[in-house]
Amino acid sequence: MINAPKGVEDILFPRASYYEEIEKKAGNFFSLYGYKKIMVPTFEKTELFLRSVGQETDVGKQMYTFKDKGGRSISLRPEGTAGIVRAYVEHKIYAKEKNWKVYYAGPMFRYERPQAGRLREFYQIGVECFGEESPWLDVEIIEMAHDFLKGMGLDNIQVQVNSIGCKKCRYKYIEELKVYLGKYLDVLCSTCRRRFRYNPLRILDCKSATCRAVLEKAPRIQDFTCSSCQEHFDKVTGGLCRLKIAHTINPYLVRGLDYYTRTIFEIISSYLGSQDAVCAGGRYDNLVEQLGGPPTPATGFAIGVERLLFSLEKAGVDLSKPAPQGVFMATIGEKSVEEAIQVASIIRSQGIAVKINLTNKGLSSQLKQANRENFSWVLIIGEGEIRKGKFILKNMHSGMQQEIETEEFEVFSNFLKGDASS
Ligand SMILES: [Zn+2]
Ligand SMILES: [Zn+2]
């Protein structure tokens, strides 16, 4: 018998259908923000990753690299951004579109030390936006990731943000950090001793207790950020406050990749323990130029599908249930249909599917139909309700009923939007 190689897994039914479901929901949700799906190869020239991810970073060290039959050095992609940036530059998209907003989904490959929850082939869903340096884009992209995860049913998430500055201010900080850490080299763990030479920022992120102790008195990047980076970051955190997205500023937050600038963030799930980020990303304003394109600000994030699935299972979210199908409008009589059509357009404008009953069936058989067709909500629009200006909203899962007023439809639609994507 031949087993699967170490560190990879078969994804059987029904688990495979959960992957599909997550990608579908993510795609639907991201498209509300203007993102479109693209597909790029799972392997690239090794050189691409050496110039983006970096050879000496933890991720760079974990690449699957081999010579193909033509003698070219090829690597399986260890992450999604480099390939997307390569495509952006190769197709000269900067000359055609001011803002390019895309998402992707698929497997990534890293030669990880096998342990629970770490696979050598794992799935990510990511988004990238090119051509926009406004801090409001950072806010919007964090909101999008946050609301998507919440909508999936992940309630116990927390956003952590940090700014790692631009080329100029980060360089000064790294110098200072190295002066400080240089005094403690013999105390740092072996990984961090290597990082000290190639990727000192990454030491900030080390989980080892001795490294953490050393870091307590280490210089902080916030004391080195230049005024324009500081202003940018203040707008990001201010924007998150305005959107009421709970977040903490974590001065130790760094990313494992070399190319990040300014805003970086992680969304952590309390179900994940030490590998707690279910989503991570940030700004990478220099990468397009680094890969041969014109200077182009960019930002993005990736969600780890296995980690998301694991958290959802822990949170008791049942993905085997078919996805809710929007709103069924139960109508009684001609006037009621007339009203329903108007209300439906408000709800549909929020991207939610609506079906209106146009038959003479009684209410109970309409409810049965809604149930059979897997609608999650029924809105009952009887003539009495029209007179009162109040309609009855019934949740088909919980059976709960409530009255809502005509003026509340915008709010109601937003609420449904959250529910329809959960
Ligand atoms: Zn700066
Ligand atoms: Zn360490």
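Whatever order the structure lists them in is the order used to number ligands and atoms, beginning at 1. Residue numbers run from 1 in the order of the sequence given. Keep in mind the model is a prediction, meaning the values are calculated, not measured.
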For this session: Evaluate whether atom CD of E90 has more than 12 neighbouring non-hydrogen atoms of other residues, nucleotides or ligands under 6.0 angstrom away.
Result: yes
Exercise. Is there a donor in the side chain of N162 and an acceptor in the side chain of Q222, or the other way round, less than 3.5 Å apart?
Worked result: yes
Exercise. Rounded to the nearest 0.5 Å, what separation is found between the CG atom of L76 and the CD atom of E121?
Worked result: 9.0 Å
For this session: Before giving the answer on side-chain contact (heavy atoms from CB on, under 4.5 Å), spell out for D68 and F43 the whole-Å C-alpha distance, their side-chain angles and the decisive distance to 0.1 Å.
Result: CA-CA 11 Å; D68 71 5; F43 60 85; over 6 Å; no
Exercise. After noting the C-alpha distance and the side-chain angles of Q62 and E112, does the key distance pass the side-chain contact (heavy atoms from CB on, under 4.5 Å) rule?
Worked result: CA-CA 6 Å; Q62 292 168 335; E112 296 268 12; 3.4 Å; yes
For this session: Please determine if R120 forms a cation-pi arrangement with Y111, meaning its NZ or CZ atom is less than 6.0 Å from the six-membered ring centre and no more than 45° off the ring axis.
Result: yes
Seminar exercise, completed: Counting only protein N, O or S atoms and ignoring waters, those under 2.8 Å from the Zn ion (ligand 2) are C189 SG, C192 SG, C206 SG, C211 SG
Problem set entry | Whether F130 and Y88 hold their rings parallel, tilted or perpendicular, with breakpoints at 30° and 60° | parallel
Problem set entry | Residue-atom pairs from the protein, N, O or S only, that lie under 2.8 Å from the Zn ion (ligand 1) | C166 SG, C169 SG, C226 SG, C229 SG
Problem set entry | Partners passing ring-ring contact (aromatic ring centres under 6.0 Å, His included) against F66 (at least two apart in sequence or in another chain) | none
Validation: residues 289-306 side-chain donor-acceptor distances under 3.5 Å, sequence neighbours left out:
from, atom 1, to, atom 2, distance (Å)
Q290, NE2, R51, O, 2.8
T296, OG1, P294, O, 2.7
T299, OG1, G282, O, 3.1
E306, OE1, Y123, N, 3.0
E306, OE2, Y19, OH, 2.9
E306, OE2, Y123, N, 3.2

